[in-house]
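The structure appears right after this line, and notes come after that.
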Amino acid sequence: MTLTQDDSNFDVENGIIDGEAPPHTQLAAKYKQSFAYYTFRVRLPSTLQTIADSLAKDKDELLATYGADADIDQTAAAVLELRSNILKNGPLLPFNDKDSDADEWNLFLEKLPKENRTYFAACWLYAECYMYRKLWAIFIASRLAGHDYFRKQKQTAAQLSFDAMLAVAKGTRNNERIASTFQKLMKLNLWGNRCDLSITSGKQVKPTGDAFHQVDELNPNLLVDATGTIWELLDKSDGNGIVEFVFDNAGYELYTDLILAEYIIDKGLARKVRFNAKAIPWFISDVRAEDYHWTIQFLIGQSDPMLSELGKKFKRLTDEGKFELAPLEHFWSGPYEFYRMAEVQPELYKRLSQAQLVILKGDLNYRKLLGDYSWHSTESLEICLRGFRPTNLCTLRTIKADLVCGLPQGKSEELFAKDKEWMLTGEYGTIEFAPK
Ligand SMILES: O=P(O)(O)OC[C@@]1(O)O[C@H](CO)[C@@H](O)[C@@H]1O
């Protein structure tokens, strides 16, 4: 988290505080020692620059797809303007596009105190989600409407994961219905969350080595392990329930989601696994419905028979409705913390309440669960949920942002003494559970 530019003028002009968010407050980029500050000063500007560059690079291809009059240069300029607004700590302005969530976003923004309606003053969660929605607004106002500017990166990530995918397929074909296997698959799925393109501002990370061996090796880094409780919940159920997954990243992580879901269905732990994808391109690598279908076709198209058969099986499970893509919900790509779901999206809350278990994947879902709030690391998940208890919940999250809860006394201090950036690397993870 090193900044190369001189920030002194910017910091003075924008009321930047040289410290971290105080306990029990919302995280925000105005705290200079926070990951949010670094995110808005460095990571997001870099992500936007990459998009503008790729529009120039892929110009011919885009003209062929969207027509000779596609306004590529203007779109790239608008992306760079968004970048410069962030670097100037510009205001969070209302949306004037026609997407169905625009009014909801505007209502949300209107209710934010005026002094908090800038990138650095707003809660980190709100401002970062706003940025991704603003990016989408630029594209829908152009002739490139519908273009997923992260698609190529997501597909490359899957292609680079071929070896890891094959190794996982080989290691899971003769699985038994026993606690230890289920727990291992959950952990495999957790560590798959390290392959996230947003933490690297789009730089590809190829999963290497033997994933099952790594699961064992990484056990000391698993700071909370509720896999035993989650197993008991599913094992003791009548197998007729629904498990809801709230997806995170495409590529290798999505593949491990499908492997865990396959196990849940094959072993009769639930009758259906429902997947919640994002409605718009989100945090670079998040799964959209298109990515789900593409991944299955990608597997089917492999010359290796094991992966190809697995792809066919995932397709069959989807056709039979045992795997199901949930209807698109803008809530997942909105600004709200989960504790406000019952109020702002009661239908979604009701649907989740009917599930046996909800599995929330990844760091951003965790941030939404905790509300981007500086809880004490030892506070319990139940407290931090602030009433969000639709049903049994679990979170599989590698730690890539400076907030956490549910840790044993002294653990966080011990890890800070070893490495002051331990919360930003994805090297540590938690599998937490809250019963309904
Ligand atoms: O949700 P994911 O894919 O696990 O992580 C998303 C992420 O990379 O984006 C945020 C910052 O931009 C961080 O909180 C987090 O590290």
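Atoms within a ligand are numbered from 1 in the order they appear, just like the ligands themselves.
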Checklist entry - Is the NZ or CZ atom of Arg340 positioned over Phe388's six-membered ring, under 6.0 angstrom from the centre and within 45° of the axis? => result no
Item to check | Region of Tyr366 engaging ligand 1 - heavy atom pairs below 4.0 Å | outcome: neither
Next on the checklist: Taking the six-membered ring for Trp, are Trp124 and Tyr373 closer than 6.0 Å centroid to centroid?
Outcome noted: no
Item to check | Any residue meeting salt bridge (charged side-chain N to carboxylate O under 4.0 Å, His left out) with Asp148, in chain and number order, not counting sequence neighbours | outcome: Lys154, Arg288
Next on the checklist: Tell me whether Trp124 has any N or O atom under 3.5 angstrom from an N or O of ligand 1.
Outcome noted: no
Checklist entry - Is it true that Tyr31 and Tyr37 have ring centroids separated by less than 6.0 Å? => result no
Next on the checklist: Are any of the N/O atoms on Gly362, whether in the backbone or the side chain, positioned under 3.5 angstrom from an N/O atom of ligand 1?
Outcome noted: no
Next on the checklist: Would Asp286 count as being in polar contact with ligand 1, using the rule that some N or O on each side must be under 3.5 angstrom apart?
Outcome noted: no
Next on the checklist: Are any of the N/O atoms on Thr39, whether in the backbone or the side chain, positioned under 3.5 angstrom from an N/O atom of ligand 1?
Outcome noted: no
Item to check | Ion pair Glu61/Lys152, N-O distance below 4.0 Å | outcome: yes
Next on the checklist: In terms of relative ring orientation, are Phe275 and Tyr292 parallel, tilted or perpendicular, with 30° and 60° separating the classes?
Outcome noted: tilted
Checklist entry - How would you list, by chain and number, every residue that makes a side-chain contact (heavy atoms from CB on, under 4.5 Å) with Lys315, sequence neighbours excluded? => result Ile296, Gln297, Ile300, Asp319
Checklist outcome for this item: In ligand 1, the atoms that come under 4.0 Å of a heavy atom of Asn249 are 3 (O)
Checklist entry - Can you find an N/O atom of Lys400 closer than 3.5 Å to an N/O atom of ligand 1? => result yes
Next on the checklist: Show me which atoms of ligand 1 lie under 4.0 Å from any heavy atom of Ala401.
Outcome noted: 14 (O)
Checklist entry - So is Arg43 in contact with ligand 1, going by heavy-atom distances below 4.0 Å? => result yes
Next on the checklist: Heavy-atom distances under 4.0 Å decide this one: backbone, side chain, both or neither, for Asn365 against ligand 1?
Outcome noted: neither
Item to check | Aromatic ring proximity, centroids under 6.0 angstrom, Phe108 and Tyr126 | outcome: yes
Item to check | Part of Arg367 with heavy atoms under 4.0 Å of ligand 1, whether side chain, backbone, both or neither | outcome: side chain
Checklist entry - Taking 4.0 angstrom as the limit, do Glu128 and Arg367 come out as a salt bridge? => result yes
Checklist outcome for this item: Numbered in order shown, the ligand 1 atoms found under 4.0 Å of a heavy atom of Asp363 are 1 (O), 2 (P), 4 (O), 5 (O), 13 (C), 14 (O), 15 (C), 16 (O)
Next on the checklist: Just to be sure I'm reading this right: ignoring hydrogens, which of Asp372, Leu424, Asp248 gets closest to atom 2 (P) of ligand 1? Compare them by their nearest heavy atoms.
Outcome noted: Asp248
Checklist outcome for this item: Asn193 heavy atoms within 4.0 Å reach ligand 1 at atoms 4 (O)
Item to check | Atoms of ligand 1 close to Leu364 [distance to a heavy atom under 4.0 angstrom, numbered from 1] | outcome: 1 (O), 2 (P)
Checklist entry - Tyr130 and Phe95: aromatic ring centres closer than 6.0 Å? => result yes
Checklist outcome for this item: Going by the 4.0 angstrom heavy-atom rule, the piece of Glu128 near ligand 1 is side chain
